[in-house]
Amino acid sequence: MAKSRPAKVSLSQLRIIGGRWRGRKLQFAPLEGLRPTGDRLRETLFNWLQFYLPGARCLDLFAGSGALGLEALSRGASEVDFVELNPDAARMLKQQLALLEADNARVHQDSAAAFLARPTASYDIVFVDPPFAGDLWQQTLAALAPHLAEGALIYVETPRDKALSLTEDWRIEKEKRAGQVCMRLLSH
C-alpha cells in the first residue's frame with residue numbers, strides 16, 4: 001500500500017515593481033483574506049510617495065505578503081517594521097527578507113492593535129491595509145497618532161465604498177478608486 005503524501009501548498013507570487021529589487025518575484029502563502037495590493041495600485045501609491053520615501057522610516061501594518069513594505073525598502077526607505085498576526089504569513093515574510101538580505105527590516109508577529117498599544121519609534125510613512133472583512137480602519141487610525149513623525153503620510157486601502165470618519169487633524173492628500181478598492185493618502 002502506497003503512503004499518501006501531504007498535500008503540497010502552492011505559493012503565490014508578487015513582483016517588486018521599482019527600485020533596487022525591481023522585477024524580483026517573491027513568494028507568499030495563499031491565505032484566506034490575503035490580497036496583496038496589485039501592481040497598478042502600488043505603482044500609483046509609490047508615484048505619490050516618490051519624494052518622501054528615500055530615508056523614510058516605514059510601518060507596514062497588516063503586512064500579509066509584505067508587498068507595500070518590500071516595495072518601500074526597494075525604493076529607498078531606511079527601515080520598515082512589518083506587523084502581521086498570521087504566523088505563516090509572518091514566517092514567509094521573514095524568509096523573503098532573508099533572501100533579499102534586508103537587514104533594515106523587522107517582522108513583528110502580532111496584531112496591529114497590540115503593536116500600536118506599545119511605545120514604538122515614530123514613523124514617516126505608514127501602510128494600513130487590513131483584511132476588508134475586519135473593519136479595522138477607524139480603530140487603527142485612532143491608535144496611530146502617537147507613532148507618527150511630524151509630517152507623516154498614511155496610506156489606507158479600503159473597499160471602494162467604505163467611508164472613513166476622519167477628525168479635523170487628518171487630511172486626505174490623495175484619493176483614487178480602482179475596481180473594488182479605494183486608496184487614500186492621508187496626513188496627520
Side-chain angles (χ1 to χ4, degrees), residues 13-28 34-86 89-112 115-116 118-130 137 140-141 143-157 170-176 181 183-188:
Q13 285 191 342
L14 70 91
R15 181 178 58 90
I16 304 292
I17 54 175
R20 68 180 171 167
W21 299 321
R22 181 183 181 155
R24 239 3 232 275
K25 290 183 180 170
L26 302 174
Q27 297 182 328
F28 64 93
L34 183 64
R35 35 160 204 79
T37 301
D39 288 4
R40 285 187 177 169
L41 294 180
R42 271 188 288 135
E43 187 67 42
T44 298
L45 169 61
F46 286 95
N47 283 341
W48 291 349
L49 294 175
Q50 66 184 325
F51 301 113
Y52 305 97
L53 205 51
R57 182 169 188 166
C58 301
L59 175 61
D60 189 352
L61 292 169
F62 311 97
S65 68
L68 298 176
L70 290 165
E71 194 75 46
L73 284 171
S74 182
R75 293 174 183 243
S78 66
E79 55 188 279
V80 175
D81 281 319
F82 294 87
V83 179
E84 174 53 46
L85 181 59
N86 184 289
R91 186 181 73 260
M92 285 294 297
L93 189 48
K94 286 178 185 177
Q95 291 172 0
Q96 297 306 316
L97 290 167
L99 179 69
L100 294 169
E101 298 176 356
D103 58 0
N104 54 343
R106 288 164 304 285
V107 177
H108 306 269
Q109 201 239 307
D110 208 346
S111 71
F115 181 83
L116 293 173
R118 295 187 299 271
T120 64
S122 294
Y123 296 98
D124 303 302
I125 298 172
V126 179
F127 303 106
V128 179
D129 183 12
W137 296 277
T140 302
L141 290 174
L144 264 178
H147 305 279
L148 300 175
E150 187 175 332
L153 295 170
I154 301 89
Y155 170 73
V156 182
E157 190 171 309
W170 290 95
R171 260 189 37 207
I172 296 176
E173 300 292 334
K174 305 264 186 184
E175 184 174 38
K176 181 176 181 175
V181 173
M183 53 191 298
R184 295 176 183 93
L185 190 62
L186 309 176
S187 62
H188 187 266

Set of residues satisfying salt bridge (charged side-chain N to carboxylate O under 4.0 Å, His left out) with respect to Asp81, sequence neighbours excluded
Arg57, Arg106
Point-to-point distance, once rounded to the nearest 0.5 Å, from CG of Leu144 to OH of Tyr123:
10.0 Å
Specify the closest pair of heavy atoms between Leu73 and Ala105, including all atoms of both residues, with the distance to one decimal.
CD1-CB, 3.8 Å
Among residues at least two apart in sequence or on other chains, which ones pass side-chain hydrogen bond (donor to acceptor under 3.5 Å, both in side chains) with Asp110?
Arg118
Close side-chain approach of Tyr52 and Asp124, heavy atoms under 4.5 Å
no
Distance in Å, Leu97 CG paired with Asn104 CG, rounded so as to fall on 0.5 Å steps
8.5 Å
Do any N or O atoms from the side chain of Ser74 and from the backbone of Gly18 form a donor-acceptor pair under 3.5 angstrom?
yes
Exactly one candidate in Leu68, Leu116, Asp129 meets side chain to side chain contact (heavy atoms under 4.5 Å, CB included) with Leu61; the answer is Leu116
Rounded distance (nearest 0.5 Å) linking atom CG of Leu70 with atom CZ of Arg42
9.0 Å
Arg22 atom CZ: more than 12 heavy-atom contacts under 6.0 Å:
no
If we only count heavy atoms from C-beta on, is the Asn47 to Glu43 side-chain gap below 4.5 Å?
yes
Would you compute the distance between atom CG of Leu41 and atom CZ of Phe46 and round it to the nearest 0.5 angstrom?
11.5 Å
Would you say Val128 and Arg184 make side-chain contact, with heavy atoms under 4.5 Å?
no
Are side-chain heavy atoms of Thr140 and Phe62 found at a separation under 4.5 Å?
yes
Closest heavy-atom contact between Leu85 and Gln109?
O-NE2, 2.8 Å
From CG (Leu45) to CZ (Phe127), nearest 0.5 Å:
5.5 Å
Stepwise side-chain contact (heavy atoms from CB on, under 4.5 Å) test for Tyr155 and Leu49
CA-CA 10 Å; Tyr155 170 73; Leu49 294 175; 5.6 Å; no
With rounding to the nearest 0.5 angstrom, report the CD to CG distance, Glu84 to Asp60.
9.0 Å
Is there a donor-acceptor pair closer than 3.5 Å between any side-chain N or O of Ser78 and the backbone N or O of Ala56?
yes
Residue pair Arg75 / Leu53: nearest heavy atoms and the distance that separates them
CB-CD2, 3.6 Å
Heavy-atom pair with the smallest gap, counting every atom of Ser65 and Leu93:
O-CD1, 3.7 Å
What is the minimum heavy-atom distance between Thr44 and Lys176, and which atoms define it?
OG1-NZ, 3.7 Å
Take Leu153 and Trp48, measure what side-chain contact (heavy atoms from CB on, under 4.5 Å) needs, and give me the verdict at the end.
CA-CA 10 Å; Leu153 295 170; Trp48 291 349; over 6 Å; no
Closest non-hydrogen atom pair, Gly66 against Phe82
O-CE2, 3.7 Å
